[in-house]
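Here's the structure we're looking at; comments come further down.
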Protein chains: 2
Amino acid sequence: MSAEITETYDVSKYERPSVTVDVVIFSILDKMLKALLIKRKVWPYKDVWAIPGGFVRMDESLEQAAYRELAEETGVAGADVYLEQLFTFGEPDRDPRTRVITVAYFALVSADKINPQAATDAADIEWFSVYDLPSLAFDHADILDYALTRLRYKLEYSAVGFQLLPEKFTLRELQDTYEIVLGTKLDKGNFRSKLRKTNVVEMVDGYRDTGGRPARLYRFRDDAVAEIKTRRLFP
Amino acid sequence: MSAEITETYDVSKYERPSVTVDVVIFSILDKMLKALLIKRKVWPYKDVWAIPGGFVRMDESLEQAAYRELAEETGVAGADVYLEQLFTFGEPDRDPRTRVITVAYFALVSADKINPQAATDAADIEWFSVYDLPSLAFDHADILDYALTRLRYKLEYSAVGFQLLPEKFTLRELQDTYEIVLGTKLDKGNFRSKLRKTNVVEMVDGYRDTGGRPARLYRFRDDAVAEIKTRRLFP
DNA sequence: ACAAAAGTGTTGAGAGTACACCCATGC
DNA sequence: GCATGGGTGTACTCTCAACACTTTTGT
């Protein structure tokens, strides 16, 4: 068993960095795309806003760590969110304390799923519009930027947008969500005709009262093919 | 300075995982898409093929570590390759020695750039067709699978494919590369007409002799817009 | 002349886009 | 009735995809 001992020694001879998981949590609130931030209470960047995150424990996977952080900050369970690994940030000097490598995730949460208690029981946790962000700790501005780019990109060819809505929604609400995230106006007729063709939503009983004619309620079909073939650069 | 001391203590109280960088290196050799693998010489998975990689040093970024591994195995400098972060794999039990989190990258190298010495000076480093892989150490089969999926996907909407070719190439060679990677036949006329429209290549002097009419040589325009707008799921 | 591979053009089907129009409800 | 927002249809344009055709070399 000398080989094993030698190798174990070999692994531990390298100094190890700290590894954290940060989760950019998006939701639609007040008709705006918002991200959840927490105010740091310790050095460094004391009293500066930051993306929620924490150290990865030795016995949990990265995804488990991300779900844990998510639940701690929002009270939302794993089944009710969309979570995706974003990128791993590891510049040697991104944290002044020690070498910290952070695996960033982004999450989409429907506003009605958020536990109000978890989100409001402190003044040091707050939803910010992505267009009106405070200055952020570490390289968190880069991380949030990248998350936003990825979200918009993803919205174009997949159906992740539904994760930002409650289970039942009107088509107008769906279109609003897309317009808010993408930052562009969409054509009502085309939006709906494409929805009919792609077959990703189905009508459910009930109506929502609006200023005019009541709107039908829909829900996302979980058996739906949520991805579209991308346009090829070359045929 | 007690805050600093407290926080430093706080950081180090967590046990730290090891962090490695693994690089899936792709190239086109003998008209096949191949990946470079090395045979492990130590426990665990002794004498089993694995994706090249190594520990991240405390003073280098993740990307620097990836470039370093790449240069060590192929002798190729950073400017001559396409390198992209793929995904971070961190299941607690993926390495039997200790907790190891690996940041996976994938690289595209043109066959003519590869240093033959670096690639052939040992029997324990070898190019394998991605369709005829040996069994791999750790979760490296998953990593390679994911790298291949991402490469194909990326090829559809960006111009990374050029990184697999020498500086000058014929349009037939370019089309061959695409067909090899995607695993499908493409239409010659459509392939070329789209190339003309997208304006990503330009003719250079010289011809390549073939079995029939000699083919013009082209090169990639570095000022070209290498990405195409994806088709939207919703308008 | 013929084979082989380079290189271009044509055409019908389907997707994208802009816009006009009808429908159901509250006041 | 009329304002408001839901919901549908149409017509023009552009891209996609299949395939036929012409051009230039070697033997």
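Chain letters run A, B, ... following the sequence lines, proteins first and then strands; every chain starts at 1. Every heavy atom of this structure was used, including side-chain atoms; hydrogens, water molecules and symmetry mates were not.
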Measure [atom1]/[X] against [atom2]/[N] and give the value in whole Å, please.
X	N	atom1	atom2	value
F191(B)	dC19(D)	CZ	C1'	18 Å
R192(B)	dC19(D)	CZ	P	18 Å
L174(B)	dA6(C)	CG	C1'	14 Å
Q175(A)	dG7(D)	CD	C1'	12 Å
L195(A)	dG6(D)	CG	P	14 Å
R208(B)	dG7(C)	CZ	P	12 Å
D176(B)	dA6(C)	CG	C1'	13 Å
N190(B)	dT15(D)	CG	C1'	11 Å

**Asked** Taking the six-membered ring of F169(B), is NZ or CZ of R219(B) closer than 6.0 Å to its centre and within 45° of its axis?
**Response**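 R219(B) over F169(B) ring: no.
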
**Prompt:** Judged by modelled atom types alone, do Y82(A) and E84(A) share a side-chain donor-acceptor pair under 3.5 Å?
**Reply:**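 Distance-only check passes for Y82(A) and E84(A).
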
**Selected nucleotide, minimal atom distance to R216(B) side chain, candidates dG7(C), dA18(D), dG7(D)** =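 Output: dG7(C).
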
**Message:** Base, sugar-phosphate or nothing for R196(B)? Non-hydrogen atoms, less than 4.0 Å.
**Reply:**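 Since only primed, P, OP1 and OP2 atoms lie under 4.0 Å of R196(B), the category is sugar-phosphate.
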
With a 4.0 Å cut-off on N to O distance, would you call [X] and [Y] a salt bridge?
X	Y	result
R68(A)	E72(A)	yes
E173(A)	R208(A)	yes
K31(B)	D176(B)	yes
K113(B)	E167(B)	no

With a cut-off of 3.5 Å and sequence neighbours excluded, list every side-chain donor-acceptor pair involving residues 141-149 of chain B.
| from | atom 1 | to | atom 2 | distance (Å) |
| --- | --- | --- | --- | --- |
| Y146(B) | OH | R150(B) | NH1 | 3.4 |
| T149(B) | OG1 | D145(B) | O | 3.0 |

**Prompt:** Which class fits the ring pair Y153(B) and Y157(B): parallel under 30°, tilted 30 to 60°, perpendicular over 60°?
**Reply:**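 Because their plane-to-plane angle is over 60°, the rings of Y153(B) and Y157(B) count as perpendicular.
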
**Message:** What's the separation between atom CG in L86(B) and atom CD in Q85(A), rounded to the nearest 0.5 Å?
**Reply:**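 With rounding to 0.5 Å, CG (L86(B)) is 9.5 Å from CD (Q85(A)).
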
Pull out every protein N or O sitting under 3.5 Å from an N or O of nucleotides 11-13 of chain C, one pair per line with the distance.
none

**Under 4.0 Å protein heavy-atom contacts per nucleotide of nucleotides 20-27 of chain C, with B for base, S for backbone only and - for none** = ---BBB--

